[in-house]
Amino acid sequence: GAGVSQTPSNKVTEKGKYVELRCDPISGHTALYWYRQSLGQGPEFLIYFQGTGAADDSGLPNDRFFAVRPEGSVSTLKIQRTERGDSAVYLCASSSHSSGSYNEQFFGPGTRLTVL
Amino acid sequence: ELKVEQNPLFLSMQEGKNYTIYCNYSTTSDRLYWYRQDPGKSLESLFVLLSNGAVKQEGRLMASLDTKARLSTLHITAAVHDLSATYFCAVGGLAGGTSYGKLTFGQGTILTVHP
């Protein structure tokens, strides 16, 4: 079946601009996660949705970052007034919270964001 | 704050040799994950370890979990070139106040297998 998809695969923007990154989770997965991975590092947690609501947004670095999941499926990560330090690969993952799923997270291909 | 540390960070192996990657974490958790990442690609789930003493094997890879020592190992047997990748461990579950869903990753171990 289809895995997690993310668009765009690459995004180049200028400092100060606004960007939106989209994630389409595996069909039926109720939980959705955003991570950020800088070069040579492990993924760093940003936010986690259970259904439509953000269950944990403790990883969002500041108020320039915001994410929504209005219908409990597709999610959009929004970054305002981008800074060069925001350059990274943004990974989305989804999981099923049904019994036996063990919260195993399946990752999408990522969006590589470059802020010039 | 939960910390997850892997060692070694870089591992160069000859084909046919055995080696172990270690993953230490700082607070109690009830689940440990191993992922593989190829260059420029996303993360592929390898193992989910849920209890003390859990051991899982897939091909030349075997993962184990000791929750009392807060240690997981990923053992590579008779390495082949196709195993070259970056391996991450990640800790999840109700660890140190973190939410159920959040995974905290180690820095990753870059494995290179030479002929």
Side-chain angles (χ1 to χ4, degrees), chain A residues 3-7 9-10 23-26 29-51 53-60 67 69 75 88-112, chain B residues 1-10 21 23-25 29-51 54 56 58 63 65 72 74 85-110:
Chain A
V4 178
S5 62
Q6 293 186 244
T7 55
S9 54
N10 281 285
C23 172
D24 210 327
I26 292 171
H29 278 190
T30 57
L32 184 147
Y33 313 81
W34 284 100
Y35 294 84
R36 178 168 71 175
Q37 186 175 24
S38 300
L39 191 63
Q41 302 294 319
E44 176 188 23
F45 172 80
L46 295 176
I47 186 170
Y48 145 52
F49 288 90
Q50 182 61 258
D56 182 353
D57 64 358
S58 63
L60 295 178
R69 196 186 184 201
S75 176
V89 175
Y90 289 81
L91 295 167
C92 176
S94 69
S95 73
S96 166
H97 271 264
S98 61
S99 84
S101 71
Y102 312 126
N103 195 34
E104 186 176 10
Q105 297 183 22
F106 297 90
F107 283 80
T111 293
R112 181 175 299 277
Chain B
E1 179 188 347
L2 172 62
K3 294 194 185 303
V4 181
E5 294 187 348
Q6 289 181 233
N7 75 85
L9 300 183
F10 300 92
I21 299 170
C23 174
N24 289 91
Y25 53 98
S29 173
D30 63 351
R31 51 198 68 199
L32 191 294
Y33 306 80
W34 284 96
Y35 285 88
R36 169 183 171 143
Q37 188 174 39
D38 291 291
K41 305 291 185 184
S42 192
L43 285 85
E44 173 192 353
S45 179
L46 294 175
F47 299 109
V48 180
L49 302 169
L50 300 175
S51 60
K56 290 197 173 178
E58 181 73 34
L65 178 61
S72 180
L74 181 66
T86 300
Y87 293 85
F88 292 97
C89 65
V91 175
L94 300 174
T98 60
S99 74
Y100 180 83
K102 174 181 176 179
L103 292 184
T104 301
F105 283 81
Q107 315 96 304
T109 296
I110 300 175

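Just so it is clear: chains get the letters A, B, ... in the order the sequence lines come, proteins before strands, and each one is counted from 1. When reading the values below, keep in mind they use all heavy atoms of this one structure, side chains included, and skip hydrogens, waters and symmetry mates.
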Review point. If you count the non-hydrogen atoms of other residues, nucleotides and ligands that lie under 6.0 Å from CZ in B/Arg36, is the total more than 12?
Key: yes
Evaluate the side-chain proximity of [Y] to [X]: yes if any heavy-atom separation is below 4.5 Å, no if none is.
X: A/Phe45; Y: B/Lys102; result: yes
X: B/Phe88; Y: A/Gln37; result: yes
X: B/Tyr35; Y: A/Phe107; result: yes

Exercise for review: Measure distances from B/Gln37 to the heavy atoms of chain A and classify the residue's part below 4.5 Å as side chain, backbone, both or neither.
Suggested key: side chain
Exercise for review: To the nearest 0.5 angstrom, please state how far the CD atom of A/Glu104 sits from the OH atom of B/Tyr33.
Suggested key: 8.0 Å
Check your understanding: Counting heavy-atom pairs under 4.5 Å to chain B, which of A/Gly42, A/Pro43, A/Gly40 comes out on top?
Key -> A/Pro43
Check your understanding: Knowing that exactly one of B/Leu43, B/Val48, B/Leu103 qualifies, which makes a side chain to side chain contact (heavy atoms under 4.5 Å, CB included) with A/Gln105?
Key -> B/Leu103
Check your understanding: Is the side chain of B/Ser42 donor-acceptor paired with the backbone N or O of A/Gly108 at a distance under 3.5 Å, no angle test?
Key -> yes
**Study point:** Heavy-atom pairs under 4.5 Å with chain A, option from B/Gln107, B/Lys41, B/Gln6 with the top count
**Key:** B/Gln107
